[in-house]
Peer 1: 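One structure follows; several queries about it will come next.
Throughout, protein chains are lettered first and strands after them, A, B, ... in sequence-line order, and every chain is numbered starting at 1. Please read these numbers as outputs of a predicted model, since none were measured by experiment.
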Protein chains: 2
Amino acid sequence: MTRRNDGPARVTIADVAARAGVSLSTVSRALNGNPTVDPALTERVKDAAAALDYTASPVARSLVLGRTQTVAVIVPDLGNPTFQAILRGLSRAAAADDYHVLVADSAESVEEERVLAGATRRRTDGVILCSPRLPQDELDRLVGGLRPVVLINRTSGEVPSVRADYGGALADELAHLHGLGHRRIVFLAGAPRSVANAARLEAIAAFVADHPDTEITEIPCGVDFEAGAAAGSAVLASDATAAVAFNDLVAMGLLSAVQASGCRVPGDLSIVGFDDIPFAQYTTPPLTTAAVPAAELGVQAWARMRELLEGDEPGGPLTVLPELTVRGTTGPAA
Amino acid sequence: MTRRNDGPARVTIADVAARAGVSLSTVSRALNGNPTVDPALTERVKDAAAALDYTASPVARSLVLGRTQTVAVIVPDLGNPTFQAILRGLSRAAAADDYHVLVADSAESVEEERVLAGATRRRTDGVILCSPRLPQDELDRLVGGLRPVVLINRTSGEVPSVRADYGGALADELAHLHGLGHRRIVFLAGAPRSVANAARLEAIAAFVADHPDTEITEIPCGVDFEAGAAAGSAVLASDATAAVAFNDLVAMGLLSAVQASGCRVPGDLSIVGFDDIPFAQYTTPPLTTAAVPAAELGVQAWARMRELLEGDEPGGPLTVLPELTVRGTTGPAA
DNA sequence: CTGTTAGCGCTTTCAA
DNA sequence: TTGAAAGCGCTAACAG
């Protein structure tokens, strides 16, 4: 057998035992803070370990303890600002609890999501899933074999989850526009069958039911800058005084396109985004949007996972309401 | 001993062996594609494994093989677009070779960088370091105990590395401005003692030496949008016709600030950024910048690591030249 | 070609 | 309180 992992010279527990003149078990006990070890011996063992620069092999410990001190995070796209923020919050929170994070990017592929979840689960203690694309029934089936699992922006039975209240935040945005006098609004829709889009559509339906004076038209669009820019002419062709974009990227694309056509924002058209990505505050004018606390979602997701790992009662599903952040792209209806 | 990792019901190699009526070794060999196994038996073993939904425990394999099939990536800040892009490229490239990625965010702390590197190395086959902050001597010392290591945007002895040629790209930007007739240029500097800033300063000195007709003034600035915006008045107060920003964030802040003061870009002032972050093409006008292929850097870093892991000759240090990307913020000198 | 046996490096019974 | 021994789940010599 050829060992590949021969970078740092390997010192094993046996070396420490030999140097301290004790048995392997004593070294293990001493180093793990087992109180039944004679203090003098503990001292001797620790000295020996320090002298040899010894640390127990995490892999060997993982095998015997059945615990890797690592969790997996599956995201659909590491290039998306929202998932980056989630990952950042999650990674730092986990690190604070001495856990490691294995990331996997499913490249927006439902199939990859499934495969990666299973594959990474085997080498970690649990998986945190950001799977907007996975159909609900598949998700339900998948999580069963994965536990412990924490879901972000999805739910499945009793599985702990943290999510942003997309519907509630969209309602806030609509109320904001309504308050400014807007009665004809267009909604630039995202991926047609995604859960995220469905939540927005529901909120819109509810709002319209409550406000018969308001008309909200859906325009199929997409989720990125290009899609938003491409929708510009359709928006201008409509008689809407305000546009609600699926997310900030779309809003920025739209903003850019309508401005290029001589339309003034918010004078002629108000625009709201969604997410509050870092650049939302730097558009001209700065974008009104709903701030999704993505990093906080990551932190809370870790908190849930930690509870599961500790065997504690996992907190119920957490829902945070994105905060309406009024900036420069919204104003009174023309 | 209480096993924690009891999510998916555990099927071991012994179960497969029993069901197939063979020994453990035969199962191992069959499943690992060892050609010395009777085809009929291989078939039987695979059927049994499939029926039991068996996959070998990665942890147990790691222990015996001395190889985890995982690499660690240490970045200073997961919130930075550049590192996000590197991570994305790296993660996908590694996944294509069936490797997993453990990420750690050092939160810009030099001390954390050191600790994380050591800690993650033990549970992986190698580490890829993005450590702009670590002083050279510490870096040199650190990498010794970490091998295999790949460095991104840093070098250390014979350690394989991939980096962007900041100096070369900056020279291209200056040549572009010079060609447009600019002779008085300001440089908005980044972190004073960073490696990245030093490279830019060197390139500037070299350019000035070659072009005595051109005057380049340094203005201490910073690395983010706010810093760029704050430098606006200083830039306007100078008699420069063009500004070279440390990075795109700074350029965007500057652009926004000078436009707010009625200065027209590029009519009154040309601006160039650096990095070509995703939003650089969406400013008004779109930003001229040097496109650093961050994702490609990640891909190449993985390629180097893979070679090290395979025992192949690791390619020499790779330097990619960011491509000058001329967009709307540069024009003829006033 | 296949089975038996010996570990990988560690933790934890079980005896002493 | 300590040591000897078993075993986590797997792979690889070594015989047969």
Peer 1: What is the separation between atom CZ on R122(A) and atom P on dC10(D), rounded to the nearest whole Å?
Peer 2: 7 Å
Peer 1: Identify whether any heavy atom of V59(A) sits under 4.0 Å from a base atom; if not, whether one sits that close to sugar-phosphate; answer base, sugar-phosphate or nothing.
Peer 2: nothing
Peer 1: Compare the minimum distances between each of dT12(C), dC10(D), dC10(C) and the side chain of A56(B), then state the nucleotide with the smallest one.
Peer 2: dC10(D)
Peer 1: Closest approach to the side chain of L63(A), judged atom by atom: which nucleotide of dG9(D), dC10(C), dT2(D) is it?
Peer 2: dG9(D)
Peer 1: If you only use heavy atoms from C-beta on, which nucleotide in dG3(C), dT12(C), dC10(C) is closest to the side chain of I13(A)?
Peer 2: dC10(C)
Peer 1: Nearest whole Å is fine: how far is dT2(D) C1' from N34(A) CG?
Peer 2: 11 Å
Peer 1: Say you draw a straight line from CH2 of W302(A) to CG of L309(A); how long is it, rounded to the nearest 0.5 Å?
Peer 2: 5.5 Å
Peer 1: Between atom CZ in R67(A) and atom P in dC10(C), what is the gap in whole Å?
Peer 2: 15 Å
Peer 1: Can you tell me the distance, in whole Å, between the CZ atom of R10(B) and the P atom of dG9(D)?
Peer 2: 9 Å
Peer 1: 5'-most contact on DNA chain D: P35(A) or L24(A), nearest heavy atom basis?
Peer 2: P35(A)
Peer 1: Can you tell me which nucleotide in dC10(D), dT11(C), dT2(C) comes closest to the side chain of N32(A)?
Peer 2: dT11(C)
Peer 1: Would you say the side chains of Q69(A) and R123(B) form a donor-acceptor pair under 3.5 Å?
Peer 2: no
Peer 1: Whether the S156(B) and D140(B) side chains hold a donor-acceptor pair (N or O, under 3.5 Å, no angle test) is what I'd like checked.
Peer 2: yes
Peer 1: Are the side chain of N153(A) and the backbone N or O of A164(A) linked by a donor-acceptor pair below 3.5 Å?
Peer 2: yes
Peer 1: If you check the T12(A) side chain, which of dC8(C), dA5(D), dG9(C) turns out closest?
Peer 2: dG9(C)
Peer 1: Which residue, T26(B) or T26(A), contacts DNA chain C at a nucleotide closer to its 5' end, judged by nearest heavy atom?
Peer 2: T26(B)
Peer 1: Between atom CG in L65(A) and atom P in dA6(D), what is the gap in whole Å?
Peer 2: 20 Å
Peer 1: Could you state the atom-to-atom distance from CG of L52(B) to P of dG9(D) in whole Å?
Peer 2: 14 Å
Peer 1: Could you tell me whether the side chains of R61(A) and N32(A) share a donor-acceptor contact shorter than 3.5 Å?
Peer 2: yes
Peer 1: Looking only at the side chain of S25(B) (C-beta and beyond, no hydrogens), which of the listed nucleotides dA12(D), dC10(D), dT11(D) gets closest?
Peer 2: dA12(D)
Peer 1: So what does V22(B) hit on the nucleic acid, given a heavy-atom distance under 4.0 Å: a base, only sugar-phosphate, or nothing?
Peer 2: sugar-phosphate
Peer 1: Using atom CZ of R61(A) as one end and atom P of dC8(C) as the other, report the distance to the nearest whole Å.
Peer 2: 19 Å
Peer 1: Within less than 4.0 Å of OP1 or OP2 of dG9(D), is there a side-chain N or O belonging to S57(B)?
Peer 2: no
Peer 1: Between R29(B) and dC1(C), is there a side-chain N or O to OP1/OP2 distance below 4.0 Å?
Peer 2: no
Peer 1: If you check every side-chain atom of D38(B), which of dC1(C), dC8(D), dT4(C) has the closest atom?
Peer 2: dC1(C)
